[in-house]
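Every number for a ligand or one of its atoms is a count from 1 in the order of the listing.
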Amino acid sequence: MFDSSASQGRWRSRLLRTPANVAFIPWLRDRASLTARIQARGGFAVRVLRQGLGLPTTDEARRLGIGPGVLAWIREVALLCDEQVVVFAHTVLPRRPRGPLQVWLARLGNRSLGALLFAHPGFKRGKINFRRLDNRHALFAPALRALQRDGTAPDSLWARRSHFRFGAQSVLVTEVFAARILKLSETGKKAPPAAS
Ligand SMILES: C=C(O[C@@H]1C=C(C(=O)O)C=C[C@H]1O)C(=O)O
């Protein structure tokens, strides 16, 4: 049963199966580390695209309780598998309350945020929300730039958004998936050459 009425214009807590997203559902719904899931399929790398103070999108500011025009710590990365970009990730950390996350994020470099979020027991992940991003959303353009280096330009991209709490602090993590992620095989790792 597919629901074609899925609204594209907002984050939804339920992912309604449609012909357009059915292949992405295992990736969108997996609550384990996305980094680990990609690592199981090939050579993993993080390419840091942006890291520093910036303005969250309107919906991020609303979700994090940040006032209009208030800066936050923004981290944007591309996740690669065997040198292919498969995910664009955008993370927002409010500047207040201050705590260890400001220092930990600043020191991450090209290590995966997931290595922190899923290793430290203090992080609690809330419900994952889903959205089909299009040019109505401010993250669509940077995601397209990061994901579509081959010049193709899909009119929408599937994304999910997770809220991780750590004590009084929290981060909002948006992950946007390139269609090429569907080509990663479970075995991923190149099979050893057959014995001659
Ligand atoms: C949250 C995770 O970390 C991944 C890595 C990120 C980074 O390094 O900035 C951001 C989001 C995720 O795609 C994960 O691996 O599940």
Side-chain angles (χ1 to χ4, degrees), residues 11 15 24-57 59-60 63-64 72-95 99-133 137-140 142-149 157-167 169-184 186 188:
W11 293 100
L15 183 58
F24 288 94
I25 286 179
W27 289 96
L28 289 164
R29 282 184 173 155
D30 187 348
R31 289 183 62 85
S33 165
L34 181 56
T35 296
R37 190 179 171 101
I38 297 171
Q39 286 172 328
R41 287 162 172 80
F44 175 79
V46 177
R47 178 185 295 155
V48 178
L49 304 173
R50 173 187 171 197
Q51 179 135 301
L53 290 179
L55 278 179
T57 63
D59 58 320
E60 289 173 329
R63 177 66 183 80
L64 289 167
W73 184 265
I74 310 279
R75 171 180 166 92
E76 287 183 354
V77 302
L79 303 188
L80 291 86
C81 186
D82 293 342
E83 290 93 42
Q84 291 284 311
V85 176
V86 290
V87 172
F88 166 77
H90 171 95
T91 301
V92 182
L93 167 67
R95 295 175 75 190
L101 297 195
Q102 279 86 1
V103 175
W104 292 352
L105 248 69
R107 288 181 177 166
L108 255 187
N110 60 4
R111 285 173 299 135
S112 165
L113 175 64
L116 175 65
L117 295 180
F118 290 90
H120 197 299
F123 285 97
K124 306 292 175 227
R125 182 179 210 160
K127 283 177 71 69
I128 300 179
N129 285 340
F130 309 96
R131 181 167 183 162
R132 192 173 184 177
L133 280 192
H137 194 278
L139 290 184
F140 183 69
L144 207 56
R145 272 198 302 275
L147 296 176
Q148 303 302 129
R149 299 255 167 127
L157 293 163
W158 282 101
R160 67 180 189 174
R161 195 171 77 173
S162 306
H163 186 257
F164 289 85
R165 286 191 184 288
F166 185 83
Q169 292 192 284
S170 63
V171 285
L172 192 59
V173 181
T174 300
E175 294 155 317
V176 188
F177 294 84
R180 66 177 73 86
I181 203 167
L182 304 178
K183 297 191 172 70
L184 300 186
E186 183 72 34

Suppose we measure from [atom] to each protein heavy atom; which comes out shortest, and what is that distance?
{"atom": "atom 16 (O) of ligand 1", "answer": "Leu34 N, 2.7 Å"}
{"atom": "atom 6 (C) of ligand 1", "answer": "Leu113 CB, 3.5 Å"}
{"atom": "atom 5 (C) of ligand 1", "answer": "Ser112 OG, 3.4 Å"}
{"atom": "atom 2 (C) of ligand 1", "answer": "Gly114 CA, 3.3 Å"}
{"atom": "atom 15 (O) of ligand 1", "answer": "Thr35 OG1, 2.5 Å"}
{"atom": "atom 13 (O) of ligand 1", "answer": "Glu175 OE2, 2.8 Å"}
{"atom": "atom 9 (O) of ligand 1", "answer": "Arg75 NE, 2.7 Å"}
{"atom": "atom 10 (C) of ligand 1", "answer": "Ala89 CB, 3.5 Å"}

> Which ligand 1 atoms does Val173 reach within 4.0 Å, using its non-hydrogen atoms?
Replying inline: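 That gives atoms 11 (C) of ligand 1.
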> Ser33 heavy atoms, cut-off 4.0 Å: which ligand 1 atoms fall inside?
Replying inline: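 Every atom of ligand 1 under 4.0 Å from some heavy atom of Ser33: 14 (C), 15 (O), 16 (O).
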> More than 12 foreign heavy atoms under 6.0 Å from CZ of Arg107: is that the case here?
Replying inline: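 Incorrect, the count does not exceed 12.
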> Heavy-atom count around Arg165 CZ within 6.0 Å, excluding the residue itself: above 12?
Replying inline: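 It does not: Arg165 CZ has 12 such atoms or fewer within range.
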> Is the shortest distance from a Lys or Arg side-chain nitrogen in Arg161 or Asp59 to a carboxylate oxygen in the other one below 4.0 Å?
Replying inline: yes
> What part of Leu117, side chain, backbone, both or neither, has a heavy atom within less than 4.0 angstrom of ligand 1?
Replying inline: side chain
>> Can you tell me which portion of Leu108 lies within the under-4.0 Å heavy-atom range of ligand 1? Options are side chain, backbone, both, or neither.
In response: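 For Leu108, no heavy atom sits under 4.0 Å from ligand 1.
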> Considering only heavy atoms from C-beta outward, does the side chain of Gln169 approach that of Pro100 to under 4.5 Å?
Replying inline: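 Yes. Closest side-chain heavy atoms under 4.5 Å.
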> Are Leu93 and Arg75 side-chain neighbours, meaning at least one heavy-atom pair lies under 4.5 Å?
Replying inline: no
>> Checking the side chain of Arg41 only, and the main-chain atoms of Arg37 only, is there a donor and an acceptor separated by less than 3.5 Å?
In response: yes
>> If only side-chain N and O atoms count, and only distance matters, is there a donor-acceptor pair under 3.5 Å linking Glu175 with His90?
In response: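 Absent: no donor and acceptor within the cut-off.
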>> Would you call the rings of Phe123 and Phe166 parallel, tilted or perpendicular, taking 30° and 60° as the class edges?
In response: tilted
